[in-house]
Amino acid sequence: MSSLDQPGDLDILAGLGGVPARLADAISSMPLVDHHVHGCFTGTVTRSEFEQAINEGSPDPIPDFMTQFDSQLGFAIRRWCAPLLGLAPHATADEYWAARSKLAPVELNRLLLRKAGVEHWIIDTGFSSSDISTPAEMSEDSGAGSSEILRLEPLAETVAGTTESGSSFAADFREALRQAAPAVVGFKTIAAYRCGFDIDWSDPGDPLLAEAVARWKQDTRGALRIQDPVIISFIVHAAAEYRLPIQFHVGLGDRDMDLHRSNPMLLLGLLRQPALHGTPVMLLHCYPYHREAGYLAQAFNNVYFDVGLSLNYVGARSTGIVAESLELAPFAKQLYSSDAFGLPELHVLGSVLWRRSMAQTLGRWVRQEDWSEADAIRVAQMIASGNARRVYALDDGPSGG
Amino acid sequence: MSSLDQPGDLDILAGLGGVPARLADAISSMPLVDHHVHGCFTGTVTRSEFEQAINEGSPDPIPDFMTQFDSQLGFAIRRWCAPLLGLAPHATADEYWAARSKLAPVELNRLLLRKAGVEHWIIDTGFSSSDISTPAEMSEDSGAGSSEILRLEPLAETVAGTTESGSSFAADFREALRQAAPAVVGFKTIAAYRCGFDIDWSDPGDPLLAEAVARWKQDTRGALRIQDPVIISFIVHAAAEYRLPIQFHVGLGDRDMDLHRSNPMLLLGLLRQPALHGTPVMLLHCYPYHREAGYLAQAFNNVYFDVGLSLNYVGARSTGIVAESLELAPFAKQLYSSDAFGLPELHVLGSVLWRRSMAQTLGRWVRQEDWSEADAIRVAQMIASGNARRVYALDDGPSGG
Amino acid sequence: MSSLDQPGDLDILAGLGGVPARLADAISSMPLVDHHVHGCFTGTVTRSEFEQAINEGSPDPIPDFMTQFDSQLGFAIRRWCAPLLGLAPHATADEYWAARSKLAPVELNRLLLRKAGVEHWIIDTGFSSSDISTPAEMSEDSGAGSSEILRLEPLAETVAGTTESGSSFAADFREALRQAAPAVVGFKTIAAYRCGFDIDWSDPGDPLLAEAVARWKQDTRGALRIQDPVIISFIVHAAAEYRLPIQFHVGLGDRDMDLHRSNPMLLLGLLRQPALHGTPVMLLHCYPYHREAGYLAQAFNNVYFDVGLSLNYVGARSTGIVAESLELAPFAKQLYSSDAFGLPELHVLGSVLWRRSMAQTLGRWVRQEDWSEADAIRVAQMIASGNARRVYALDDGPSGG
């Protein structure tokens with residue numbers, strides 16, 4: 001941990017009365033494993049690109065009648081990131097933008113990433129990977145360790161585009177997985193974006209799969225996304241054999257997906273299959289289905305979840321979401337993530353908002369004698385890093401950088 | 001504003017500790033645009049009619065074993081409206097009823113409406129319009145401005161009942177819209193009640209529409225409600241061409257509708273159509289789908305929402321709903337409404353509960369240093385009136401009566 | 001009440017500041033009717049059986065990497081039950097287990113049941129009834145009254161297994177109901193587990209029913225569960241004719257059921273039928289669909305609900321769930337239950353967590369002047385016992401044991 005700047009100098013718990021002292025200290029300083037995150041922009045962004053990057057749901061430019069800074073996330077950036085750039089808390093959007101613009105991207109990334117108190121990043125490199133820092137760059141910029149997650153759909157598209165025919169796809173995909181697996185600590189599927197969860201999740205036989213791939217090759221000449229549920233189900237089953245964690249995008253995402261068809265209850269047909277029971281299934285984000293995710297984490301020994309992405313987007317309301325996430329799931333089954341992409345503000349804010357929300361929520365329970373302080377610290381540590389270290393078998397030490 | 005009585009003499013923030021003073025003053029006194037509301041009863045109501053009018057979900061008489069006063073809304077009426085009738089807060093239901101019964105309907109309407117601090121009513125005149133005050137009467141009784149919203153389904157029923165044949169409906173409906181549009185600031189659809197949102201939302205071609213209208217004319221001889229998804233989709237598309245806001249009833253309503261089929265996520269198929277992108281879509285009420293509504297307000301530049309009706313019905317719990325409504329949606333995309341119908345208690349309570357909930361929620365964030373006080377006041381003003389003035393292009397001045 | 005130990009000596013409201021004194025006293029000591037509960041284990045359980053018994057969702061053993069004590073329910077047991085065994089609050093899981101193991105099952109049951117402050121148990125005897133205390137034993141162990149609920153599906157299976165043919169089933173089932181009804185105060189259906197709620201809820205005619213039963217008899221030779229929606233719908237309609245309350249399992253349950261297909265909105269097709277309107281429909285547990293349940297309790301005069309089971313499982317978060325349950329439903333339509341099964345810890349915790357959550361929630365409303373203290377006490381009494389006494393027509397006196 002000595003190589004990490006601590007986020008404590010942000011006074012993360014400012015304004016919160018009544019958090020017991022040992023708990024406050026522990027939560028402010030405990031190192032995090034960010035188990036689902038992306039790299040940072042390596043080039044400059046314009047203000048309008050910045051504003052679009054703080055809207056998760058829409059691909060359109062922010063309309064003239066408003067600024068995306070007028071949102072919980074925008075307010076959180078002005079509150080928590082402004083001081084890191086030498087401004088007063090709640091600096092105006094214009095002041096913030098002016099100060100931010102004075103820094104080169106790499107300076108900004110280094111400044112902000114080091115304030116997150118993250119000791120290990122588990123990085124999904126499968127989305128828009130140009131102009132985004134690599135895992136090695138993330139480690140260099142932050143002083144923290146990093147590991148990689150492999151996104152299944154792009155791999156399947158590469159293999160399907162080059163495989164000889166529909167019937168050679170299965171073997172070629174398995175071979176590609178075999179080659180890729182040693183370099184990663186887990187897989188990720190964006191089935192939510194491709195076909196939704198309300199599909200037949202059985203492992204399709206060879207003929208059905210061959211036919212689906214052949215259809216894709218013919219229809220698209222390899223140019224389009226794979227959305228066929230038969231192929232999606234196959235690649236998840238094939239990956240599950242490695243017993244590495246498989247991350248599922250669940251809930252909150254852009255309007256391209258049918259949010260309600262990513263309700264994790266629709267994964268029951270997959271989760272009930274014995275073939276999956278040895279494979280950790282990591283439900284990411286989950287808002288507004290985090291209660292359903294918590295239920296699944298109680299109902300299946302191999303199901304885990306986080307409320308990652310949502311905390312940044314709900315800003316001051318993150319305490320409410322964190323509280324709701326601490327209902328049904330056993331404490332060994334919840335993890336921390338930021339799902340930050342591009343803007344290093346998101347990497348640090350995920351940490352700030354999670355710490356602040358945990359301190360408020362657990363602090364109240366300790367104050368009200370519902371929980372002991374020692375238990376509160378222990379549970380925070382499990383979610384901060386312990387569960388991730390166990391599930392992903394991270395070996396750079398319990399608090400190493 | 002000088003023509004409006006302020007609700008301040010209600011001591012709306014009584015009992016709430018710790019709301020910063022400037023924020024408390026601002027929220028107590030800022031004028032509201034109530035962007036979805038109905039008129040008041042112009043005749044007397046019996047106690048049993050009154051009790052039925054404070055149950056949104058059921059068309060049946062309140063059973064003998066209970067009183068509907070024993071509900072959050074009933075308690076809120078006794079708490080906040082009793083003092084306006086000269087009674088102590090929390091007067092009993094019998095005391096309240098006795099005091100209320102001494103006032104003529106118009107006296108009661110004038111007394112209560114003026115306490116709402118509303119400077120402009122946007123009135124849906126399409127439901128049960130006899131025995132209900134007109135927009136002109138609402139203005140006279142309240143001293144505030146008013147505008148009108150046109151409900152699409154009754155217009156379609158009138159046109160379908162008189163049009164020559166199925167194939168003349170489209171042109172006749174467009175002509176009826178053209179004539180009606182200049183007098184209104186927007187439209188409303190109750191598709192939720194007629195067919196639910198899980199329909200094919202594409203603009204049907206002429207033959208399909210003609211056939212659907214012909215079927216309706218034949219089956220019903222014009223006597224029944226239009227419920228055919230083909231006709232509903234058509235009238236929404238036809239109205240959208242005016243680029244005036246279209247209000248959608250979403251969520252909480254009476255048991256006649258399938259609540260779960262009014263989940264606003266089921267509008268994705270409509271919202272994704274480019275033809276709609278220039279038309280403001282106003283999601284009304286939304287409970288218990290207000291998180292989904294907030295998501296859509298982030299995902300689509302033209303989507304807005306409120307938690308109108310629900311605040312009255314959840315009474316002391318309105319703070320919780322307001323907090324949940326301030327998650328994903330940019331602050332430029334949320335509005336105030338009461339959806340009050342008939343009882344002027346509902347017109348004033350909507351205002352009291354919204355102000356109280358905003359003061360509690362934003363007050364806590366300011367106290368905890370999450371938000372600045374200036375931002376909190378600014379956001380409250382946007383939701384109170386600014387967003388509505390912009391979207392409905394109201395021209396009676398930023399705080400005029 | 002003199003025969004009941006009061007839970008007051010637990011200091012149920014420890015750590016909660018600001019609950020008005022009369023309300024605190026009333027909620028701490030008011031007797032409860034637990035309107036849906038099961039018996040206690042009459043034999044000893046191993047630690048691993050104990051840990052499994054505090055996981056509602058999963059039938060699997062708790063995995064080695066965790067203990068189910070690390071959950072909200074586990075923490076609540078250590079907090080509230082440890083002192084009843086002579087330990088400090090928050091005793092470790094090992095300490096708790098050691099102390100618990102020193103007591104014979106009947107000693108433990110007697111010790112804990114008497115701390116629940118329950119004056120009447122309404123017991124579902126239809127699940128795993130061996131090794132579970134009978135209603136008579138529950139009364140003896142607790143000093144409280146008890147009544148019985150009849151589960152419809154096991155009765156239907158018994159009748160279907162012995163009836164001559166498909167076409168004799170209807171009459172035989174009605175006769176079995178007729179014989180069983182006088183001994184019970186209501187019925188229960190686990191349609192949620194058998195076919196989900198998204199079925200055709202009309203009363204099937206005789207031919208359809210006969211055919212369905214014949215199919216079941218042939219396919220299973222009477223060995224398997226009845227899951228056919230036709231039979232399930234029939235037995236609910238047949239039971240409804242008695243006008244006794246029918247309990248429906250809703251929401252939270254084990255992974256065997258499709259949680260999302262137990263959304264109570266899917267019961268609309270049943271609830272709208274006039275034949276049901278004279279029969280109380282009791283929605284049990286309901287998490288995470290408690291808002292939908294509250295809506296139905298407003299929309300239908302005969303619908304009631306509780307958040308029973310969920311309170312135990314969310315522990316320190318129960319205040320949040322209780323608050324959410326006090327939104328739309330009239331106060332005459334909500335009840336208390338624990339749904340405790342097997343472990344007497346669950347019988348007492350249901351009571352502790354409900355009292356504590358009500359005191360916090362109503363206490364805040366009284367402190368903030370939203371509600372009067374007298375109203376708060378009155379509403380708590382309605383939910384604690386008054387509504388249950390009315391609906392189940394319990395005749396052992398308003399506070400008798």
Side-chain angles (χ1 to χ4, degrees), chain A residues 11 13-17 51 54-76 78-80 88-93 251-263 287-290 310 313-321 324 353 356 360, chain B residues 18 197-198 260 263-269 271-272 274 277-278 280 288-303 320 322-334 361-362 364-376 378-379 382-383 386-387 390-391:
Chain A
D11 194 6
L13 306 189
L16 303 181
E51 294 213 15
I54 58 172
N55 181 329
E56 179 71 16
S58 167
D60 298 327
I62 305 302
D64 288 342
F65 62 76
M66 61 171 279
T67 162
Q68 190 66 21
F69 271 105
D70 281 346
S71 64
Q72 289 282 13
L73 174 51
F75 280 21
R78 290 171 43 217
R79 168 63 184 91
W80 299 107
H90 314 299
T92 67
L252 184 50
D254 89 34
R255 72 189 197 209
D256 193 23
M257 63 178 275
D258 292 350
L259 190 75
H260 54 296
R261 295 177 55 235
S262 77
N263 182 326
Y287 180 99
Y289 307 116
H290 40 292
S310 34
Y313 277 92
V314 304
R317 274 288 298 158
S318 53
T319 301
I321 308 304
E324 290 173 3
L353 294 172
R356 196 166 159 84
Q360 273 194 276
Chain B
F197 293 162
D198 49 349
H260 55 295
N263 184 325
M265 292 314 305
L266 301 173
L267 291 173
L268 274 175
L271 297 172
R272 285 180 183 142
H277 286 178
Y289 307 115
H290 41 291
R291 281 177 162 161
E292 283 84 347
Y295 167 78
L296 291 171
Q298 177 181 126
F300 292 90
N301 285 339
N302 62 320
V303 173
V322 161
E324 290 173 2
S325 75
L326 292 166
E327 293 177 354
L328 291 187
F331 304 130
K333 308 298 280 306
Q334 194 172 151
T361 303
L362 305 192
R364 190 173 56 244
W365 293 339
V366 171
R367 213 164 55 237
Q368 291 178 177
E369 304 177 27
D370 290 306
W371 284 27
S372 75
E373 190 169 9
D375 278 333
R378 192 167 58 87
V379 168
M382 292 168 79
I383 299 176
N387 295 332
R390 185 184 72 246
V391 180

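Convention: sequence-line order gives letters A, B, ...; per-chain numbering from 1.
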Checking Tyr295(B) against chain A: side chain, backbone, both or neither under 4.5 Å from a heavy atom? side chain

With respect to chain B, which residue among Glu56(A), Arg356(A), Met66(A), Gln68(A) yields the maximal number of heavy-atom pairs within a distance under 4.5 Å? Arg356(A)

Any heavy-atom pair between the side chains of Trp371(B) and Arg78(A) that's under 4.5 Å? no

Contact origin within Arg390(B) toward chain A - heavy atom pairs under 4.5 Å: side chain

Among Ser372(B), Ala297(B), Ala299(B), which residue has the highest count of heavy-atom pairs closer than 4.5 Å to chain A? Ala299(B)

Between His260(A) and Glu292(B), is there a side-chain heavy-atom distance shorter than 4.5 Å? no

Flag the pair Asp70(A) / Arg378(B) as yes when at least one side-chain heavy-atom distance between them is below 4.5 Å, and no otherwise. yes

Looking only at Leu268(B), Leu271(B), Asp375(B), most heavy-atom pairs under 4.5 Å shared with chain A are made by Asp375(B)

Value rounded to 0.5 Å, distance of OG in Ser71(A) from NZ in Lys333(B): 11.5 Å

What's the spacing between Glu373(B) CD and His90(A) NE2 if we round to 0.5 Å? 10.5 Å

Select one option (side chain, backbone, both, neither) describing which atoms of Asp256(A) are under 4.5 Å from chain B's heavy atoms. backbone

What part of Ile321(A) gets within 4.5 angstrom of chain B, counting heavy atoms only: side chain, backbone, both, or neither? side chain

Strictly distance-based, threshold 3.5 Å: is any side-chain N or O of Arg272(B) a donor or acceptor partner for the main-chain N or O of Arg255(A)? yes

Structural part of Asn55(A) lying under 4.5 Å from a heavy atom of chain B: both

Part of Arg261(A) within contact of chain B (heavy atom distance under 4.5 Å): neither

Chain B contacts, top residue of Ser58(A), Gly74(A), Pro288(A) (heavy-atom pairs, under 4.5 Å): Ser58(A)

Indicate the atoms forming the closest heavy-atom contact of Phe65(A) with Asn301(B), along with that distance. CZ-O, 3.8 Å

If you measure only the distance, is there a donor-acceptor pair under 3.5 Å linking the side chains of Tyr313(A) and Gln298(B)? no

Does the side chain of Gln72(A) reach to within under 4.5 Å of the side chain of Glu327(B), using non-hydrogen atoms? no

For Phe69(A), is it the side chain, the backbone, both, or neither that has a heavy atom closer than 4.5 Å to a heavy atom of chain B? neither

Tell me, do Arg317(A) and Trp365(B) make a side-chain contact under 4.5 Å, heavy atoms counted? yes

Scored by heavy-atom pairs under 4.5 Å with chain A, the best of Glu324(B), Arg367(B), Met382(B) is Glu324(B)

Could you check whether any side-chain heavy atom of Phe75(A) comes within less than 4.5 Å of a side-chain heavy atom of Asp370(B), counting everything from C-beta outward? no

